[in-house]
Amino acid sequence: MDASGSKWDPREQKNGNVLAPNENFRGESENVLSGVSSSYIDPIKLQEASIALWLINSDISNPQLDDILLFAQTSSFDTAYEYIFNQLKEKKSEKIFEEIERPIMHIVKEMEDRGILIDKKYFENLSAEYHKELEKLTAKIYKMAGVEFNINSPKQMGEVLFGKMGMKSSKKKSATGSFSTKVSILEELEEANPIIKEILAYRELQKLLSTYIDVIPKMTGLDGKLHAKFLQNGTTTGRFSSQDPNLQNLPIKTELGKRIRGGFIAEKGYKLCAFDYSQIELRVAAILSGDKKMTQIFREGKDIHSGVASFVFDVSLDKVDSEMRRQAKVINFGIIYGMGVSALQKNLVRPKSDSDTRSEVVTREEAQKFYINYFNQFSGVRDYLEEVKKFALKNSFTETLFGRRRYFPNINSRIPFLKNMAERTATNAPIQGTATADIIKLAIRYVEEDLKKEKLLEKVHLVLQIHDELVYEIEENVLEKADQIIKNAMRGVLERSYLHYKTDIPLEVHSGSGDNLGEVK
DNA sequence: CGCATACGCGCC
DNA sequence: AAACGGCGCGTTTGCG
């Protein structure tokens, strides 16, 4: 057994003082609010009130005591508690609380308390290696630019590239009078000047070092483990958020970034095991919309992007090439995000030629045609999105499959930008919320229930939650058994839930394990 | 000096 | 000018 029972809890809040469920804490010792009675507040009840308030108004993420009292217009926590739970009932959100949020509160706490083991030596070595490379790149960039400047300053970078070196940007200056130097802009200039390649390499290393490699090892507790916070009420859609540090954005796309994951290791005798829902948002879009073709693709176990491409481009599945699949993928994601034609056009790129790695954008007409064709093929999706928008315009909120609400006060605004934004977020909320809030949170609940039945709670521990993915630390000798239990629980969420929801679209789950996070996928 | 903002970028 | 949803966090910059 470890000594974590008595370990110091380094967690703290940004806004206000969190009343972490801490045995030693007594509410009377400090209180920032004047005139507030100083009696003891049960940390669990406080957390319940925080979650309940957020369910009532998800724009108030992770509310603290002062937010709770302000909302209830009282100085008494007990009064506020009662008021908030009455409101919860009035807003028809008590089911979400009782069935989804309340049952996982203790699991989230255990996940934070357990933390995840860090290989500090690994991070040290990685740091040395990347800093060395960063130094080389710095010297190279200074030499090629003919001037020393702060490469970390976008402003100075813009002046050097587009001023001194006379490069031409496809974009005009921003409102603040500076050129954008983001990656997508720099990539257009990659062959115009060899310095761009070095700058891009510099950017990547600088990001990895300053956000992860040089920071994470310093954040470990006395137990040598990292205790990031996972806020189950941290987002407007119902998702978790993670902070101090954010463990939901660990690099995975590039090789240099992915290596960071090697520093997150399993305890002795354990493996780290990742379980992720495959394409869960698109499956949910198919479920919610009931679209015939999209349902068919999933029911037949086909790749969704290829399947969509075969309908949109009107070719058989085996005639779908990688380019068609790529374009279908763009629009599939666009659907989830409420994308319009112009956004689609911006994202629909294709290679200029086989020998040329650059890409060019499609014309607006092409994007428009593609857009219309997509919605003609998947008319169920089109009609569903239209229905959600109509509902939001009428009621000023939307609901997930399980009834989780999000409100849109700007949905009837006369300011086009605000109205359009509200419409996009309104169509996205039920999909994102059902998939990566309701379903994954129910999965957390049911996995634990099943592990308990099998007396495995001491051998299997949730350590990370990354939206459509759960990472458990599992004792090696029960790996196979736990793997099956967890997968089955995750797959069966919809039927098992209080909705007893039946669908012929399977919720696929993939898993992988290893001695560190780099090995689990 | 601390703080807010702009910009940029990591993930799902 | 404006760009598709949801996050957290780094550095720079300008301000009080």
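Letters A, B, ... mirror the listed sequences (proteins, then strands); counts begin at 1. Values below: all heavy atoms of this structure, side chains included; hydrogens, waters and symmetry mates excluded.
Under the ring pair (Phe, Tyr, Trp, His ring centres under 6.0 Å) criterion, A/Phe313 pairs with A/Phe370, not counting sequence neighbours. Evaluation of the ring pair (Phe, Tyr, Trp, His ring centres under 6.0 Å) rule for A/Phe162 yields A/Phe179 as partners, not counting sequence neighbours. Taking the ring pair (Phe, Tyr, Trp, His ring centres under 6.0 Å) definition, one finds that A/Phe391 meets it with A/Phe397, sequence neighbours left out. The ring pair (Phe, Tyr, Trp, His ring centres under 6.0 Å) check on A/Phe230 picks up nothing, with sequence neighbours excluded.
Rounded to an integer number of Å, the gap from CE of A/Met157 to P of C/dT11 is 15 Å. Residue A/Arg203 contributes atom CZ, which lies 21 Å from atom P of C/dC9 at whole-angstrom precision.
In the region residues 205-216 of chain A, proximity to DNA chain B at under 4.0 angstrom, judged on heavy atoms, holds for A/Lys207, A/Tyr212. Residues from residues 403-411 of chain A that place a heavy atom under 4.0 Å from any atom of DNA chain B: there are none. Interface residues of residues 421-448 of chain A facing DNA chain C, ordered by number: A/Met421, A/Arg424, A/Thr425, A/Asn428, A/Gln432; criterion, heavy-atom separation under 4.0 Å.
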Using atom types as modelled, flag every donor-acceptor pair under 3.5 Å from a side chain in residues 461-471 of chain A to any protein atom, sequence neighbours excluded.
from     : atom 1 : to       : atom 2 : distance (Å)
A/His461 : NE2    : A/Arg114 : NH1    : 3.4
A/His461 : NE2    : A/Glu458 : O      : 3.1
A/Gln465 : OE1    : A/Gln248 : NE2    : 3.3
A/Gln465 : OE1    : A/His467 : N      : 3.0
A/Gln465 : NE2    : A/His467 : O      : 3.3

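Looking only at side-chain heavy atoms (C-beta outward), A/Ser513 and A/Leu272 stay at 4.5 Å or farther from each other.
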- Message: Quick one, A/Arg239 with A/Glu281, criterion salt bridge (charged side-chain N to carboxylate O under 4.0 Å, His left out). Give me CA distance, side-chain angles, the key distance, then yes/no.
- Response: CA-CA 13 Å; A/Arg239 278 184 172 186; A/Glu281 284 187 323; 3.7 Å; yes
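In DNA chain C, the stems built from three or more successive Watson-Crick or G-U pairs (distances below 3.5 Å) are B:1-4 with C:13-16, B:6-12 with C:5-11.
Listed by first and then second residue, the salt bridge (charged side-chain N to carboxylate O under 4.0 Å, His left out) pairs involving residues 428-444 of chain A are A/Glu101-A/Lys441, A/Arg404-A/Asp438 (not counting sequence neighbours).
Between the P atoms of B/dC3 and C/dC7, the separation comes to 25 Å (whole Å).
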Expected rows: protein N/O vs nucleotides 13-16 of chain C N/O, under 3.5 Å:
from   : atom 1 : to       : atom 2 : distance (Å)
C/dT13 : OP1    : A/Ser153 : OG     : 2.5
C/dT13 : OP1    : A/Gln156 : NE2    : 3.3

Distances for protein N/O vs nucleotides 1-3 of chain B N/O pairs under 3.5 angstrom?
none

